[in-house]
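My questions will all concern the structure given below.
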Amino acid sequence: MKWTPITQATAGSNLGDYEHARADFTWEDAGKSLAGLPGGRGLNIAYEALDRHVTKRTAVRWLDRLDRVHDFSYLGLTALTNRFANLLAGLGVGRGERVFTLLGRVPELYVATLGALKAGCVLSPLFSAFGPEPVLQRIRLGEGSVLVTSPELYRRKIRPLRAELPSLRHVLLTGNDAEPGTIALGEAMAAAGTGYEIAPTAPEDPALLHFTSGTTGTPKGALHAHAAVLAHLVTARYALDLRQDDTFWCTADPGWVTGMSYGVIAPLVLGATLVSDEGEFDARRWYHVLSSRRVTNWYTAPTALRMMMREGDELAKGFDLSALRFIASVGEPLNPEVVVWGRDTLGLPIHDNWWQTETGAIMIANFAGEEIRPGSMGRPLPGVDAGLLRRGDDGRAAVTAGHVREITEPGVEGELALRPGWPSQFRAYWNEPARYEKAFADGWYLTGDVARRDADGYYWFVGRADDVIESAGHLVGPFEVESALLAHPAVAEAGVIGKPDPVAGELVKAYVTLKPGYEPTEEQRLELLVFARKALGAVAPKEIVFDPHLPHTRSGKVMRRLLKARELGLPEGDVSTLEVSG
Ligand code: ATP
Ligand code: MG
């Protein structure tokens, strides 16, 4: 199917003209929009996010589960984070020590995060829905000294395993009720002072430890420095069109890099108001939040958008979304169908952008006011130098040092790579130097994703390097097949893998979730096979099976490796981030 490019009519974007913005950009110049710590004592993310603003404007607009609104001002949060930093100092927690959070989207999460950064600690956020084992695994790997959590999460996930965490000196529990071996955060905060001089932190000092989604294997701990804040600022301005007067809602949980870089840091650095919703995903509730909170910029993920689309357009039309100016998506390929649905149903096309835990910030994006190509991730941001590297002749062998060849012609698939040097680049995989080394070759950072670039420099996602299918001499990207299936009205979601085949090498096999009202009949299956065949020709799936729940990571990505392991009857590997569906 051919999708026509979309250009959103906007009253000027932050980026201006793409080519000029790129040509004029240097990170050094951009760095002038940072304040820096007073007295030339360095750079600290929390100072840029809070203290520098000195205003009573709302920083965090928190919605609790009952949809009650609680506003926290910049000044208020400055004082609260000072208290938290003082509290850490009182406990003898020093610079560089790891402070973990295991919290839902509650105010304490924002306070602990920015307070720990003020103290010069390394903050590592864990997703609150993790089971005990994944939590243990990460705190142990990161050698955490402090954990901030709720009494309930503590009882369920930490207490039974605490003895296995010798590094963990302090556990702080939200509220005023401590239990043996823990400290009540509420009381400790009340006792701590509101004045605090932020620890001198250099741009290269470590600040954040983020675990990857575990889509392709054991999660990696990507370490980021305070310098990353410059990339958060620049990319939010350009790729999310965010401005100081905006109300910004990033739906990702701060337990993942998106929810931290854009759900906490970027909007605050820009002085905007961020919306934080304690509730879980529900299409109706999300429309309600967008409309009742007058959200201007919304940053979300393909799975959520697909689910909202599945609920039908009538629901969407029942809400006033007139405040909304910009919608962006990240985390997984965004099917062109969804981009166009946004334009037709929400009144705004959806801007896909691409990045990873390792990159710390958005690297490739469709920009406000620039042409959106549905199905494309967009073009590299100013300051980002991307390229495609040729893989082995079978299209699969990894790119290795000494054998790097850059692809210059359009339309050719290769491994997406970045020239190191942007501020939010990860500085290490925590305690895994060999894994880190392997991510670089001949002056490139290798992303592990395969893409192609068109003649105008737009990048098109093909698949994870490990997921690309080789079938009867064709290289098949799962995303293309999934998108073709999604264009059928019955399909809500699809996951595509290569199934070993003695003749073709691999057969394209699709797992399909149907929309409500469609039955998983043989007739439906044949209809989809024919539909896909028409759209895709030789690379169409040969097999389609219906599956009401595709396996997802907790950050919302289809776990193709799990579909494949199940297909092959192999062990499932690391499933610590697998979402348990009901
Ligand atoms: P792991 O590295 O542990 O296997 P992960 O790669 O899913 O997990 P993240 O860092 O959360 O962990 O996700 C980054 C990956 O998500 C990218 O490398 C890419 O494969 C995918 N991704 C992100 N944004 C997009 C996008 N806009 N289009 C296509 N894929 C995307
Ligand atoms: Mg990855």
Side-chain angles (χ1 to χ4, degrees), residues 125 127 134 137-138 141 208-222 224 235 239 252-262 299-303 305-306 327-336 338-339 350-366 372-381 386 415-418 424-426 429-430 432 435-436 438-439 445-452 458-468 477-480 482-483 551-562 573-579:
F127 187 41
Q137 193 190 354
R138 285 163 180 76
L141 183 67
L208 294 158
L209 177 62
H210 276 297
F211 290 91
T212 60
S213 292
T215 313
T216 54
T218 319
K220 302 159 278 234
H224 293 278
T235 54
D253 189 276
W256 306 107
V257 73
T258 307
M260 182 56 68
S261 298
Y262 299 100
Y299 194 21
T300 188
T303 2
L305 289 165
R306 285 192 295 259
I327 310 178
S329 161
V330 73
E332 266 212 305
L334 183 67
N335 319 84
V338 184
V339 178
I350 296 155
H351 299 78
D352 188 17
N353 58 53
W354 175 94
W355 58 293
Q356 311 179 300
T357 309
E358 288 87 341
T359 71
I362 302 168
M363 296 282 109
I364 294 180
N366 289 278
I372 299 173
R373 303 202 169 167
S376 163
M377 319 189 280
R379 292 174 288 176
L381 268 101
E415 178 160 355
L416 179 57
L418 300 164
S424 61
Q425 184 189 325
F426 71 132
Y429 283 134
W430 190 268
E432 294 187 283
R435 218 171 174 183
Y436 181 74
K438 265 183 66 184
Y445 162 63
L446 310 171
T447 68
D449 286 344
V450 176
R452 63 196 149 72
Y458 281 74
Y459 283 76
W460 300 75
F461 186 78
V462 173
R464 310 272 186 152
D466 298 344
D467 290 342
V468 174
F479 171 52
E480 189 186 358
E482 289 161 11
S483 282
H552 285 98
T553 65
R554 293 202 177 268
S555 52
K557 301 163 196 276
V558 175
M559 252 176 165
R560 292 177 193 78
R561 78 172 151 93
L562 208 62
D574 189 309
V575 288
S576 61
T577 62
L578 181 67
E579 167 121 333

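Keep in mind the model is a prediction, meaning the values are calculated, not measured. As the structure lists them, so they are numbered: ligands from 1, and atoms in each ligand from 1.
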(message) Give me the residue, atom name and distance of the protein heavy atom closest to atom 7 (O) of ligand 1.
(response) T215 OG1, 2.4 Å
(message) Pairs of nitrogen or oxygen atoms closer than 3.5 Å, one from S213 and one from ligand 1: do any exist?
(response) yes
(request) Go through ligand 1 atom by atom and flag the ones less than 4.0 Å from a non-hydrogen atom of T357. (result) 9 (P), 10 (O), 11 (O)
(request) Compute the shortest N/O to N/O distance between S555 and ligand 1 and return yes if it is under 3.5 Å, no if not. (result) no
(request) Run the numbers for me: atoms of ligand 1, each under 4.0 Å from some heavy atom of K557, listed by number. (result) 7 (O), 9 (P), 11 (O), 13 (O), 14 (C), 15 (C), 16 (O)
(request) Take S424 and W355 through the side chain to side chain contact (heavy atoms under 4.5 Å, CB included) test and state the conclusion after the steps. (result) CA-CA 11 Å; S424 61; W355 58 293; over 6 Å; no
(message) Classify the ring geometry of H224 against F426: parallel below 30°, tilted from 30° to 60°, perpendicular beyond 60°.
(response) tilted
(request) Give a yes or no on whether the backbone of E480 and the side-chain of S483 come within a donor-acceptor separation of less than 3.5 Å. (result) no
(message) If the threshold is 4.0 Å, N to carboxylate O, is there a salt bridge linking R560 and E332?
(response) yes
(request) For residues L562 and P551, report the shortest heavy-atom separation together with the two atoms involved. (result) CD2-CB, 3.7 Å
(request) Starting from atom 4 (O) of ligand 1, find the nearest protein heavy-atom neighbour and note its residue, name and distance. (result) T216 OG1, 2.3 Å
(request) Can you sort out which atoms of ligand 1 are near V330, meaning under 4.0 Å from one of its heavy atoms? (result) 24 (N)
(request) Looking only at non-hydrogen atoms, find the nearest pair between V339 and G375 and report the distance. (result) CG2-N, 4.5 Å
(message) Can you tell me which portion of D449 lies within the under-4.0 Å heavy-atom range of ligand 1? Options are side chain, backbone, both, or neither.
(response) side chain
(message) Checking side-chain polar atoms at under 3.5 Å, does Y262 have a donor or acceptor matched by the opposite partner on T235?
(response) yes
(message) Please list, in number order, the atoms of ligand 1 under 4.0 Å from a heavy atom of G331.
(response) 16 (O), 21 (C), 22 (N), 23 (C), 24 (N), 25 (C), 31 (C)
(request) Tell me which part of L334 gets within contact of ligand 1: side chain, backbone, both or neither, using heavy atoms under 4.0 Å. (result) neither
(request) Give a yes/no on ligand 1: does W355 have at least one heavy atom closer than 4.0 angstrom to it? (result) yes
(message) Quick check on contacts: which atoms of ligand 1 are under 4.0 angstrom from a heavy atom of K220?
(response) 1 (P), 2 (O)
(request) Consider every N or O of G214 and every N or O of ligand 1, then say whether any pair is closer than 3.5 Å. (result) yes
(message) Pairing donors with acceptors under 3.5 angstrom, does anything connect the side chains of S555 and S213?
(response) yes
(message) Please verify the inter-ring angle class for W256 with F127; under 30° counts as parallel, over 60° as perpendicular, anything in between as tilted.
(response) tilted
(request) Could you tell me whether a side-chain N or O of E415 sits under 3.5 Å from a main-chain N or O of G448, the two making a donor and an acceptor? (result) yes
(request) Considering the heavy atoms of R464, write down every atom of ligand 1 situated less than 4.0 Å from one of them. (result) 5 (P), 6 (O), 7 (O), 15 (C), 16 (O), 20 (O), 21 (C)
(request) Would you name the heavy atoms of G378 and N366 that are closest together and state the gap between them? (result) N-ND2, 3.5 Å
(request) Pull out every atom of ligand 1 sitting under 4.0 Å from any heavy atom of E332, numbered as shown with elements. (result) 22 (N), 23 (C), 24 (N), 25 (C), 26 (C), 27 (N), 28 (N), 29 (C), 30 (N), 31 (C)
(message) Can you report which non-hydrogen protein atom sits closest to atom 29 (C) of ligand 1, along with the distance?
(response) P333 N, 3.1 Å
(request) Check each heavy atom of W256 against ligand 1 and say whether those closer than 4.0 Å belong to the side chain, the backbone, both or neither. (result) neither
(request) Would you check the N or O atoms of N353, main chain and side chain alike, for any that come under 3.5 Å of an N or O of ligand 1? (result) yes
